[in-house]
Amino acid sequence: MPLRGTKIGRVLRQRRDDAAIAWTFFRQWLKAPLTTAAVSPSSKELAAEMLSQLPDGTRKVIELGGGTGVFTEALLARGVAPENLLVFELNESLHLHLTQRFPGTKIVCADALSTARVVEREKFAEPGEIDAIVSGLGLLSMSQELQHGILEAAFSVLAPHGRFIQFTYGPTNPVKRDVMRDLHLSARRTGFTVWNVPPASVYVITRAKSRGIKPTRAK
Ligand SMILES: C[S@@+](CC[C@H](N)C(=O)[O-])C[C@H]1O[C@@H](n2cnc3c(N)ncnc32)[C@H](O)[C@@H]1O
């Protein structure tokens with residue numbers, strides 16, 4: 001029976017696309033389990049929890065660790081203009097997948113450690129013009145040094161009111177206490193969803209009042 005154009009046909013096509021995306025992600029996890037840091041992409045429910053924390057009037061957003069694009073898709077659907085979104089993905093295969101899936105969006109194959117340099121190189125924004133950084137990075141499995149480098153670079157481009165929005169599968173803030181203290185950051189848990197494999201919490205990290213890293217040009 002021909003199903004094209006029917007509701008069942010659309011549901012089946014969506015399932016097939018989702019399965020292909022999950023398979024793409026899983027293959028990268030097999031190759032690089034530590035940096036991929038999850039066996040399957042985040043759920044749409046987790047994406048919604050993350051994006052509910054964008055500051056009011058958000059314009060410019062950076063996404064770190066785009067993966068197969070669940071947050072990218074949600075950000076664009078929410079009205080972030082493609083030219084106001086800059087996505088970082090370190091894995092070359094996932095970077096290629098993202099560029100094919102979101103042709104109008106600026107997606108770089110780059111390390112989150114180089115956020116400030118890439119923002120300047122791509123002429124994406126002036127320091128302090130970024131409203132939010134949506135992070136899909138597996139911070140929990142990163143060393144203290146790597147966390148420090150990534151968060152320092154992130155807060156050097158974030159606006160004074162800017163938010164670093166992060167999810168974690170762990171029971172507490174995934175950013176180590178020393179990193180939070182050294183960079184004068186503060187964190188609050190803003191959400192939790194069981195509709196993700198595994199269930200995940202969302203944390204919003206901001207500058208602690210009056211002390212955080214000021215936006216600066218890349219070194
Ligand atoms: C846990 S997955 C999340 C993917 C996607 N955001 C999601 O939620 O489904 C982490 C992603 O971050 C990427 N990644 C890991 N370290 C990175 C780094 N230093 N810079 C940029 N991307 C990185 C991995 O390749 C992987 O795609």
Side-chain angles (χ1 to χ4, degrees), residues 17-54 61-78 80 85-102 105-119 121-122 124 132-154 156-157 164-170 174-175 179 191-193 195-203:
D17 292 350
D18 288 350
I21 286 173
W23 176 237
T24 299
F25 195 93
F26 182 66
R27 279 204 322 263
Q28 298 314 309
W29 176 77
L30 286 176
K31 285 190 201 158
L34 264 186
T35 47
T36 309
V39 289
S40 60
S42 297
S43 65
K44 291 191 165 63
E45 288 78 5
L46 178 54
E49 279 289 343
M50 296 279 285
L51 300 204
S52 71
Q53 296 306 317
L54 291 172
V61 179
I62 289 176
E63 183 188 349
L64 299 178
T68 45
V70 63
F71 298 159
T72 318
E73 182 180 31
L75 283 159
L76 294 169
R78 204 190 149 97
V80 175
L85 178 60
L86 176 62
V87 183
F88 285 66
E89 175 50 60
L90 191 55
N91 176 303
E92 282 180 18
S93 305
L94 291 175
H95 171 256
L96 181 64
H97 171 90
L98 287 168
T99 53
Q100 289 167 346
R101 192 169 168 206
F102 305 102
T105 303
K106 214 170 249 190
I107 300 166
V108 289
C109 190
D111 195 319
L113 276 172
S114 62
T115 301
R117 278 196 303 280
V118 174
V119 164
R121 185 190 75 201
E122 298 291 323
F124 178 65
I133 295 185
V134 172
S135 167
L137 299 173
L139 287 185
L140 205 53
S141 56
M142 290 183 184
S143 67
Q144 180 165 319
E145 195 187 2
L146 187 53
Q147 283 194 354
H148 190 287
I150 289 174
L151 279 140
E152 187 171 38
S156 75
V157 298
F164 187 98
I165 306 169
Q166 175 71 47
F167 73 85
T168 180
Y169 308 133
V175 181
V179 175
F192 174 76
T193 179
W195 303 112
N196 191 69
V197 183
S201 296
V202 174
Y203 280 82

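First listed ligand is number 1; within each ligand, the first listed atom is number 1. Below, all heavy atoms of this structure are taken into account, side chains as well, without hydrogens, waters or symmetry copies.
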If you scan protein heavy atoms around atom 26 (C) of ligand 1, the nearest is Glu89 OE1, 3.7 Å
Atom 3 (C) of ligand 1 [closest protein heavy-atom partner, distance rounded to 0.1 Å]: Gly136 O, 3.1 Å
Test your reading of the structure: does Phe25 have an N or O sitting under 3.5 Å from an N or O of ligand 1? no
For Phe71, the ligand 1 atoms whose distance to one of its heavy atoms is below 4.0 Å: 6 (N), 8 (O)
Need the ligand 1 atom indices (1-based, order shown) with element for anything under 4.0 Å from a heavy-atom of Val70. 7 (C), 8 (O), 9 (O)
To check your reading of the model: name the closest protein heavy atom to atom 15 (C) of ligand 1, its residue, and the distance in Å. Thr35 O, 3.2 Å
Where do Glu49 and Val202 come nearest, in terms of heavy atoms and distance? CB-CG2, 3.8 Å
Do me a favour and list the nearest non-hydrogen protein atom to atom 22 (N) of ligand 1 with residue, atom name and distance? Leu90 N, 3.3 Å
In ligand 1, the atoms that come under 4.0 Å of a heavy atom of Asn91 are 25 (O)
Of all the non-hydrogen atoms in the protein, which one sits nearest to atom 23 (C) of ligand 1, and at what distance? Leu137 CD2, 3.4 Å
Numbering the atoms of ligand 1 from 1, which are under 4.0 Å from a heavy atom of Pro41? 9 (O)
What are the atoms of ligand 1, with element, lying closer than 4.0 Å to any heavy atom of Leu94? 27 (O)
Is any side-chain heavy atom of Met142 less than 4.5 Å from a side-chain heavy atom of Ile150? yes
What atoms of ligand 1 come closer than 4.0 angstrom to any heavy atom of Gly66? 5 (C), 6 (N)
If you define the side chain from C-beta out and look only at heavy atoms, does anything of Thr35 sit under 4.5 Å from Leu137? no
Could you find the nearest protein heavy atom to atom 20 (N) of ligand 1 and give me its residue, atom name and distance? Ala112 N, 2.9 Å
Under 3.5 Å between some N or O of ligand 1 and some N or O of Asp111? yes
Using 30° and 60° as the class limits, which term best fits the ring planes of Tyr169 and Phe167: parallel, tilted or perpendicular? tilted
Could you report the tightest heavy-atom contact between Val134 and Met50, atom names first, then the distance? CG1-CE, 3.9 Å
Return yes if some donor-acceptor pair links the side-chain N/O of Gln166 with the main-chain N/O of Tyr203 below 3.5 Å, else return no. no
Please state which protein non-hydrogen atom is closest to atom 1 (C) of ligand 1 and give its distance, to 0.1 Å? Thr36 O, 3.0 Å
Is any N or O atom of Ser42, backbone or side chain, closer than 3.5 Å to an N or O atom of ligand 1? yes
Just how far is it from atom CD1 of Ile107 to atom CG of Leu98, taken to the nearest 0.5 Å? 5.0 Å
Side chains of His97 and Asn91, heavy atoms from C-beta outward: is any pair under 4.5 Å? no
Residue pairs passing the salt bridge (charged side-chain N to carboxylate O under 4.0 Å, His left out) test where at least one lies in residues 19-47, sequence neighbours excluded: none
Kindly give the heavy-atom pair with the smallest separation between Leu64 and Phe164, and that separation in Å. CD1-CE1, 4.0 Å
Non-hydrogen atom of Ala110 closer than 4.0 Å to ligand 1: yes
Quick check: closest heavy atoms across Phe102 and Thr68, and the distance to 0.1 Å? CE1-O, 4.4 Å
Ligand 1 to Gly65 polar contact by distance, N or O atoms, under 3.5 Å: yes
